[in-house]
2 protein chains.
Amino acid sequence: MTTPPGRMDKEQFRALGHRMVDWIAEYWQRVESLPVLSRQAPGELLRALPAQAPETGLGDEGWDAVFADLETKIVPGLTHWQSPGFFAYFPCSASGPAVLGELLSAGLGVQGMLWATSPAATELEERMLEWLGRAIGLPATFFGPLGGGSIQGTASEAVLVALVAARHRALARGAAPEALVAYTSTQAHSSVVKAAMIAGLCRDASGNDALRFVPVDAHYAMDAAALARAIAADRAAGRVPFFVCATLGTTSTTAVDPLRALGEVCGEAWLHVDAAYAGTAAICEEHRAMLDGVARADSFCFNPHKWLLTSFDCSALWVRDRKALIDSLSVTPEYLRNRASDSGAVIDYRDWQIPLGRRFRALKLWFVMRHYGLEGLRAHVRHHVALARRFATFVAADPRFELVAPSPFALVCFRLRGDDAATDARNRELLANVNASGTAYLSHTGLPRADGSSRFVLRMAIGATLTEERHVDAAWRRIVEALAN
Amino acid sequence: MTTPPGRMDKEQFRALGHRMVDWIAEYWQRVESLPVLSRQAPGELLRALPAQAPETGLGDEGWDAVFADLETKIVPGLTHWQSPGFFAYFPCSASGPAVLGELLSAGLGVQGMLWATSPAATELEERMLEWLGRAIGLPATFFGPLGGGSIQGTASEAVLVALVAARHRALARGAAPEALVAYTSTQAHSSVVKAAMIAGLCRDASGNDALRFVPVDAHYAMDAAALARAIAADRAAGRVPFFVCATLGTTSTTAVDPLRALGEVCGEAWLHVDAAYAGTAAICEEHRAMLDGVARADSFCFNPHKWLLTSFDCSALWVRDRKALIDSLSVTPEYLRNRASDSGAVIDYRDWQIPLGRRFRALKLWFVMRHYGLEGLRAHVRHHVALARRFATFVAADPRFELVAPSPFALVCFRLRGDDAATDARNRELLANVNASGTAYLSHTGLPRADGSSRFVLRMAIGATLTEERHVDAAWRRIVEALAN
């Protein structure tokens, strides 16, 4: 019996691996010259690809065709998240050390569902979440023997498992399922209501009456007094408030919910903190005030893959009471039992998450934290915050524009002045023109007017790994030019 | 303003990238000489790592220390899933082309939540799922204009979104939430009950009475007549059967549920097919009979990351009615709206899954299918199936052992003959001895006796990319030797 055909031998893998590394290094160098937002029309790539897989594999020369297709078919269809001109949504920052970590993880190919299926994958993750938690100033209860950190794929998964743990705890305390009520602000991320839909709490994005959207103050932060009133009214009606999701750095404007005040009014409810974007900033002392009151939180999440150079996906979730999480997610068939797990001396991360299997994602966090050091990471955050302040001064100095929300981090929300539908349309057109230019890609949001209608607002989110002053300046020039046309 | 410190420049990334590629190539060559199951004790790596992240980053020479730590701290803590002696659980097969795909995905760093955020990521995925669906013989309804395929992280996530879509459809048809009942076999994967717990259908792994575990036949496949009786009884009691999860290739023994018969009795319920492991085999004509009746299924999942060389994570999920899935998971805040999505002409994969964000995983599927070609992939499967038959003949020829279940694919379930608790203990001890040897790593399962107790059974799952005849022979020799001691 022989080796099956097609196995890539050592020398071919080395040659192609080096070629791919070089291709990526070149890509990062030239990415700023490519249009940030893809100009491909729907179906273009679909039509350029054969309808069926090839019967025969590639020969020795075959990979030349793959690299050619990469250039002609894939690259034009990319929206370049790693471009220094990418200012849309929030960043999803890759870096050299993170890519090396992903490469190593793929090469090792270990699956760390249980401690036993690779102790190093579990223990490196435990330690990295401790490094990271200390770096942002989380209390040690979040990584002490009762609490703990884990890497989830995204903040959406983190809020879902937090919600499920909270429900499990509330039911265990005797609540009736139909009595449960959750709360978040009107400015919370869509993943909160998506989690409630998946968990069966509500049927659609309205939240029905199992998820309440608490009003925000003038700066788009949750109104703690309004939360207190909602909770009191629900209690009086026999409902059981079991989950509150606070946001540090909302998606629309990076507003910061008042964590301490929320903790004081949320009673027995599980308090989850979604700091997906802004959590990174807490590695800098000057941004740490937002964590005031975090010791009361039951779970805390932020995404190193957003602004901490760690490459998607890497969402850090800490819980104060790991047992609550594990109790709600643990199922142990015979085929997963083993001595280490039975001993209780180890963490099996499968019980901390939705999937069973998991990649070795702690490697990239390790590489990033070692390569940059905390000093380098802080400098990285401060660099982007300074660029955002610079951009905000451009906006403030131009009488045609207005800043529409505070910019505590590296997102600037702005728009052409005026408050009617025609101005909304002009802002929308301005955004389309800038994005069509290829120089920069910004996104938008809607912010509520007093009458309940939505104002169209441009979002300039600075945070790509390669963004420098000249890219921010070029984006502003492009905005002003688009206006002149 | 200058570049922040620590950014890895082009030449450093190239040099380290080449070094990492070479390290991986060497690792794959030497991995068979390492003990398959890690010998590390709980806490060993934790104690070897500092408690805090370094303040200062690595200098030019710093990465030598990282590579040294990799060797001395990480490798000893790995259970080597890519070892040719890895026969535990199911394989999680990496390959050269898949690792190149992961590397490229990390380097591009695009996040394909929406079509607009990288059209190529969405359209390559659409096409690859069509290639893959055709390759295993799925009807075109699963990738026609109404259906469609997507890459999920794991089969656990796939069954959860299928369950959520099924519930949404049932509620839309007027069912009361508390009337819903789901069904799967007693041999189904733990992820089915975990999904039901997350979705709020049941509180714990017992399923309560919202998830029924249907009995199996003598070969551990779901008993269709028993399912029919359970459904009839529930309907008579006013319940609404809304979800049936069939398994093609169960985890314990790779038993195959009778898909056509289940489809005939499941009525209006959503029929999900979990073929996580065995789906790969359907690329070979001789294994395609298990798909008989699949046209009735509402969703079908298999994991190319298990046995199709595609590196974890890559779970393929097809649905016949994409609208049912999207309706149950879609939430659209203003900041995610865009022209392409509003036109309805494109797929936004965020609405097909739990997370919002997603990696560009279609690249690795593309590389694998092109590199090997379908011929190469079929040869790969047949190679392992032949090795499993070889191993089964060793077992059958040794009077001390018995085969305890059919081996339709590349898993062999066996044990020392005898049916008392003492034999269970001897089998357990045999497994521990073999795994301690370092030569091979097998896992186990429990199979029900007539009296309800559990028989301890050894599982020899062949499927690692590097496994050849000599590794299977060595594993058998080790088993026999362990017995002699």
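Order of the sequence lines sets the chain letters (A, B, ...), proteins ahead of strands, with each chain counted from 1.
- Top candidate by heavy-atom pairs under 4.5 Å with chain A, chosen from B:L336, B:L171, B:V164, is B:L171.
- With contacts defined as side-chain heavy-atom distances shorter than 4.5 Å, the pair B:L45/A:R127 does not qualify.
- With a threshold of 4.5 angstrom between heavy atoms, A:V346 approaches chain B through side-chain atoms but not through N, CA, C or O.
- In this structure, the portions of A:V66 lying under 4.5 Å from any heavy atom of chain B include both its backbone and its side chain.
- Residues A:G446 and B:E334 approach most closely at N-CG, 3.4 Å, considering heavy atoms.
- The residue among B:R382, B:R358, B:E11 with the most heavy atom pairs within less than 4.5 Å of chain A is B:R358.
- A donor-acceptor contact shorter than 3.5 Å is absent between the side chain of A:W81 and the backbone of B:L108.
- Among the candidates B:Q82, B:R134, B:Q111, the residue making the largest number of heavy-atom pairs closer than 4.5 Å to chain A is B:Q111.
- Side chains of A:L70 and B:L104 form a contact here, defined as non-hydrogen atoms less than 4.5 Å apart.
- Between B:K194 and A:L329, the closest side-chain pair of non-hydrogen atoms falls below 4.5 Å.
- Looking at A:P76, there are no atoms closer than 4.5 Å to chain B (heavy atoms on both sides), in backbone or side chain.
- Around the CZ atom of B:R337, the shell of radius 6.0 Å holds no more than 12 heavy atoms that belong to other residues, nucleotides or ligands.
- Contact check for A:L160 versus B:I354: side-chain heavy atoms found under the 4.5 Å cut-off.
- Listed here is the closest heavy atom pair of A:R14 and B:A25: CG-CB, 3.6 Å.
- Ranked by heavy-atom pairs shorter than 4.5 Å toward chain A, the options B:I24, B:T154, B:V110, B:I198 are led by B:I198.
- Using a 4.5 Å cut-off between heavy atoms, B:Q29 contacts chain A through its side chain alone, with no backbone atom that close.
- Residues satisfying the side chain to side chain contact (heavy atoms under 4.5 Å, CB included) test with B:T122, not counting sequence neighbours, are B:W115, B:E126, B:I347, B:Y349.
- Here the closest non-hydrogen pair linking A:M369 and B:A53 is SD-CB, 4.2 Å.
- Proximity to chain A (any heavy atom under 4.5 Å) is shown, for B:S93, by neither the backbone nor the side chain.
- Of the possible polar contacts, one joining the B:E123 side chain to the A:L46 backbone as a donor-acceptor pair under 3.5 Å is found.
- Comparing B:H18, B:M20, B:K364 by how many heavy-atom pairs each has under 4.5 Å with chain A, the most go to B:H18.
- Residue A:T445 touches chain B through both its backbone and its side chain, counting heavy-atom pairs closer than 4.5 Å.
- With a 4.5 angstrom heavy-atom cutoff, A:A199 touches chain B via backbone and side-chain atoms both.
- Interface residue B:A116: only backbone heavy atoms are found under 4.5 Å from chain A.
- Two residues are said to be in side-chain contact when any heavy atoms from C-beta on lie closer than 4.5 Å; A:S252 and B:Y335 meet this criterion.
- Taking 4.5 Å as the limit, some side-chain heavy atom of B:T79 sits within range of a side-chain heavy atom of A:P119.
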> Under the side chain to side chain donor-acceptor pair (under 3.5 Å) criterion, do B:H168 and A:D204 qualify, and how do the steps go?
Replying inline: CA-CA 9 Å; B:H168 193 271; A:D204 58 44; over 6 Å; no
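- Evaluation of the salt bridge (charged side-chain N to carboxylate O under 4.0 Å, His left out) rule for A:R359 yields A:E102, A:D313 as partners, not counting sequence neighbours.
- Top candidate by heavy-atom pairs under 4.5 Å with chain A, chosen from B:A155, B:G373, B:S105, B:S191, is B:G373.
- In this structure, the portions of A:L466 lying under 4.5 Å from any heavy atom of chain B include both its backbone and its side chain.
- Closest of all the heavy-atom pairs between B:V99 and A:A106 is CG2-O, 3.6 Å.
- Contact annotation for A:S330: only backbone heavy atoms (N, CA, C, O) come within less than 4.5 Å of a heavy atom of chain B.
- Nearest approach of A:A120 to B:Q40, heavy atoms of both residues: N-OE1, 4.5 Å.
- Heavy atoms of B:T117 lying under 4.5 Å from chain A belong to its backbone as well as its side chain.
- Taking 4.0 Å as the cut-off between side-chain N and carboxylate O, B:E468 and A:R7 count as a salt-bridged pair.
- Scanning all heavy atoms of the two residues, the minimum distance from B:W63 to A:P97 falls at CZ2-CB, 3.9 Å.
- When A:F367, A:W28, A:Y27 are each tested for a ring pair (Phe, Tyr, Trp, His ring centres under 6.0 Å) with B:F13, only one passes: A:W28.
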